[in-house]
Structure formats: C-alpha cells, structure tokens
Amino acid sequence: MKLKSSLLMLMLSMGIFAQDKSEFIYASLEAQHASELKASHPELIDIITTHNDVTIAHLHPEAAHELHQKILSHGPGYLMHPSKEAAINKIKNVKEQSRTVLQFTIDQQAFVRQVLDEVSQSNIEEVMLALEAFGTRYHTSVQANQSAEYVKQTWENIIALYGRENDVSVRLVNHNNTPMKSVVVTINGTQTPNEYVIIGGHLDSTVGGWDKSFAPGSDDDASGIATITEALRVLLANNFQPNRTVEIMAYAAEEIGLVGSNEIATSYRNQNKNVVAFVQFDMTNFKGSSQDVYLATDSFINNALNLYLIELMEEYNSSGHHQFTYGTTRCNYGCSDHYSWAVNNFPAAFPFEASFDDSNMNIHTSYDTFELIGDASHSVKFAKLAIEFLVETAKHTGTLSASNISSSKNQFYLNHKTLGFELASVQKITSASILNVAGQKVMSRFHLNSKDQLDLNSLSQGGYILILETQDGQKITHKFVLK
Ligand SMILES: [Zn+2]
C-alpha cells in the first residue's frame, strides 16, 4: 500500500497526468473531499457543481482512488457517471430519504426458522476460494469475465439441482463503462412480479495502483458473493417461491466508481421497475469489532429499511443457535453499490462486517486472502440475514402468515406521545426497549404488564422500534413513527 502511494506521488510530481485528460471521468463525490483534492492536486480535478454537499467533478480516477484510500475507510468514494449531464441530473434528483416507516412486516417465522438451519459454512468457503483462485478480478482483466462466467455457472447449477428452470433464470449484463459483465439471477414473483426485492455484492477486485496481477479480493468481496450464493441455494433447496420478484446481483467494476450497479439501477429507474428494497453485501467475513453485523447509517441509507433489518435480527438472531449481535457505523460517500440504488431513489441498506474503523485492513492488497481469516464463520451470519430479508420482504407464496395466527392479536396504539399495548397472552413483560433509526437504545423500562403504556414525551420526531421481552423469553417488536 505504502509503496503504491509513493509511486503515485512520484508520478504526480513528474506531472504525468497533468496534460492528458482522456482518462478523466465524470464523478460525484463528497464536497469536502473534492475541495481537498483540488487543493492538493489541482491538475487532477475540475469541479463542475456542488449540490447538498455532493460535488460533480471531472477527475482522474486513479488519483481520486488513491486519495480516498487515505481519507476514507471503504470503497471508491465516488460514483462514476457516463456524462456531465447524467451526473448533474442524478445528483439533483436524489430525494430526501423518507423518514416514514414502510410497511415491512415479519410474519414468515415458520418458513424462515426452517431454512436458517441449512446455511452451510463450507459452501460459502468453497465459493470464496474459487473466486480467489482467479488471481485477480480487476475489471479489465481476462479473469474478471471468467469469474462472471463462474458465478453464472454456479447459480445455474443450483437452479438445475433443485429443478427451478421454469421460474428462475440467470443472465450476464453488459456495461458501457467497463468490459466486465455483471451477473443477475431472477426468481419470478408469483403475485406481484413487478415489485423487486434485491440483494447484491461486487465481483471485481483491486489492489489499487498499477499492478493488477494479483488481487485475491477474498473478503472484498468474494465473501459477499459467496454469502448471497448460499442464500440463493438455501432458498431454492426449500422450494422458496416469492410473491414479489427476487433478484441477486454480482456487480462488475464496483472498485472504479460503482459502475456495474449504477448502470443497472439507472436502467431499472428508467424502466419504472419498482424496487421495494435493496441490501448490499460487501465484506462479510472479517470480525473486527465486538458486535457482529454493523448497519451503515449514512444519509443515503433508508431509515425504514435499517429499522426493518434491526427488527429481523431481533426476531431471528437474538437467541438460540442463530444468535448474533448488531451495531451501527458510518460509511463514506460512494462506499459501496447500495449508493447506486439510493441515488436512483430506491430504499437501500448496507450491513457490514465490522465498525468501519475496525474493518479488514488487508483489503485492496495481496493479503486479502481466505487463508489469513481461515474460515467463513462470520459470513454465515450475513447469509442468514440475507435469507431473513428476502423471505420476509418478498413473502413465501402459500405460507399462512404468522401474523394472521397470533401476533395480530397483540394490539398497539399511539395516542399523541403515549404508546399503549395489549398482548394476546397475559404474561409479565420483563423489559421494554425503544431503538431509534440509528439502532441506539433511547428508552428502557422494566417489569410491565401485558396491558400497559409508555410515555414517549422524551422522544423527538422520527421512526422507532419497540421491543418487548416477555417472561418466557419471547420478543415482540412494533415499529412506529412520531410526527
Ligand atoms: Zn468492496
């Protein structure tokens, strides 16, 4: 890393980039980083316009990448756009993320609990090792498209194994700004096929600088591709048939400005496809922090979707053998492919392997190998979260939702700043907690009755989640919005 940075500095001081702008790209990046780059290397960046702290610039991609490696914790730190007009259009049209809590529900407990047991750590390891064995998946390398063919074949094998050729298909996606292809698998929705529930990760790898010969990219992001592949396998092995259409995507060229995901998300926007939620899996196998799953909370993350992921983890992962913990962290502008969906005004979220300060230091080096981590036990938690998210958001056709049976009998009402509830079964509540959209606990009460109420006067406007823990260890969750 150090060597490459000093090589870059040498080239900069020699003025190698100074005259030639043919390699320059249009990009959006954080305004502060754009002005820092302008101050240190004015020949590498032309600032075009700034809107809501996001700058559109014409810049040299390698230099921007190296600069962001130093300042930022993850990803390219910018989105590449095909033209100046496209960049301006995209950035000015980003709507304020809605604070309204969407009608995401949890009622597929029987199916989800049945399938979670089947997540296989060794399957995840197998895919990670196969991707690493390409040597590099840098987007312009021959191996990049070989790895795309491998993912396509792996997904087709899963479809064939479970006899789903009729309603599940895989396609390669060609791009304009990279020779690398993305891979997309589609499970057709049975009830509302024009509503899409999507998860993704990126297939390319990089070591930055000019030496593209060896970029194993095991954690970044073979781990994410292996995680979503195992989610697909478990769902098809259990004859999952979603009401909404489910898609799983392996993106080309994330590392050079989220190119594959941005082209796909933009085309979905242009085709008026209704993407109800997108969740990104980029780096899932390095446990660097005390908690397990860290939800990114930057301004491009959809708060309702984040609350829903918290609710899912409270429901399925707070006890028993699928138990793991969660926290929240902040990620920089353009840190991964979920930004491509967010800038196209689709709800997006990003659960990450650690707090960003504690994430894998070996990424973008030749040391990002499976061997250095040794097993895929951390990724298993993310595969479970992916399955919970896909089943509960897309809904398994034909299952009787649990809410029709029991939880709908739990009554909740919000009256000004009082939240009342009455549970279907009479039992003591040992604790009541309220979390905000950043996952922080903002209120705790102990020893309540099955019919009781909470005074919310200390809380400001926004979305929240109430978690009631009953005497017999059951957890009941309820989302609400204070206006
Ligand atoms: Zn990555």
Side-chain angles (χ1 to χ4, degrees), residues 1 61 64-66 68-69 71-80 124 127-128 131-132 134 136-139 141 144 147-148 151 178 180 182-183 199-209 212 215-229 249-262 264-265 278-286 288 293-296 298 300-301 329-342 348-370 372-373 376 378-379 382 386:
M1 284 290 267
H65 187 69
E66 291 290 338
H68 282 253
Q69 288 290 97
I71 296 174
L72 303 166
S73 46
H74 193 66
Y78 61 92
L79 271 79
M80 182 169 152
I124 296 173
V127 174
M128 285 178 70
L131 289 173
E132 190 179 326
F134 285 98
T136 181
R137 303 182 305 280
Y138 188 69
H139 78 120
S141 68
S147 72
V151 169
T178 173
M180 188 177 180
S182 296
V183 195
I199 60 173
H202 69 90
L203 184 55
D204 65 320
S205 66
T206 188
V207 286
K212 310 300 185 195
S218 179
D219 191 30
D220 186 16
D221 179 31
S223 68
I225 301 301
T227 296
I228 60 182
T229 298
M249 302 185 172
Y251 297 117
E254 184 262 4
E255 300 284 8
I256 59 147
L258 319 181
V259 170
S261 58
N262 195 15
I264 291 174
F278 173 79
V279 176
Q280 171 77 349
F281 292 87
D282 182 3
M283 297 168 62
T284 62
N285 201 33
F286 179 76
V293 172
Y294 281 76
L295 299 171
D298 54 272
F300 282 73
I301 294 293
T329 187
R330 279 191 81 81
C331 138
N332 52 272
Y333 184 85
C335 72
S336 197
D337 292 305
H338 58 289
Y339 266 77
S340 295
W341 295 92
F350 181 28
F352 189 65
E353 65 184 11
S355 164
F356 277 96
D357 296 336
D358 302 330
S359 64
N360 192 340
M361 296 294 284
N362 288 321
I363 66 160
H364 302 178
T365 76
S366 58
Y367 298 103
D368 182 8
T369 61
F370 180 79
L372 270 182
I373 294 182
H378 201 48
S379 293
F382 290 82

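Just so you know, these numbers use all the heavy atoms, side chains as well, and skip hydrogens, waters and symmetry mates. Just so it is clear, the structure is predicted and the values come from calculations on it, not from any experiment. Numbering of ligands and ligand atoms starts at 1, following listing order.
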task = With ring pair (Phe, Tyr, Trp, His ring centres under 6.0 Å) as the test, would you mind laying out the steps for Tyr333 and Tyr339 before giving the verdict?
result = CA-CA 8 Å; Tyr333 184 85; Tyr339 266 77; 5.2 Å; yes

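- Here Asp220 meets the criterion, with an N, O or S atom under 2.8 Å of the Zn ion (ligand 1).
- Although no hydrogens or angles enter the test, the distance criterion places no donor-acceptor pair under 3.5 Å between the side chain of Asp204 and the main chain of Ala252.
- At distances below 3.5 Å, not a single donor-acceptor pair connects side-chain atoms of Ser261 with backbone N or O atoms of Tyr251.
- Coordination check, Glu254 versus the Zn ion (ligand 1): failed, since every N/O/S atom of the residue sits at 2.8 Å or beyond.
- Under the 3.5 Å distance criterion, the side-chain polar atoms of Arg137 are matched with a main-chain donor or acceptor of Leu131.
- Around the Zn ion (ligand 1), the angle linking Asp282 (OD1) with His202 (NE2) is 90°, rounded to 10 degrees.
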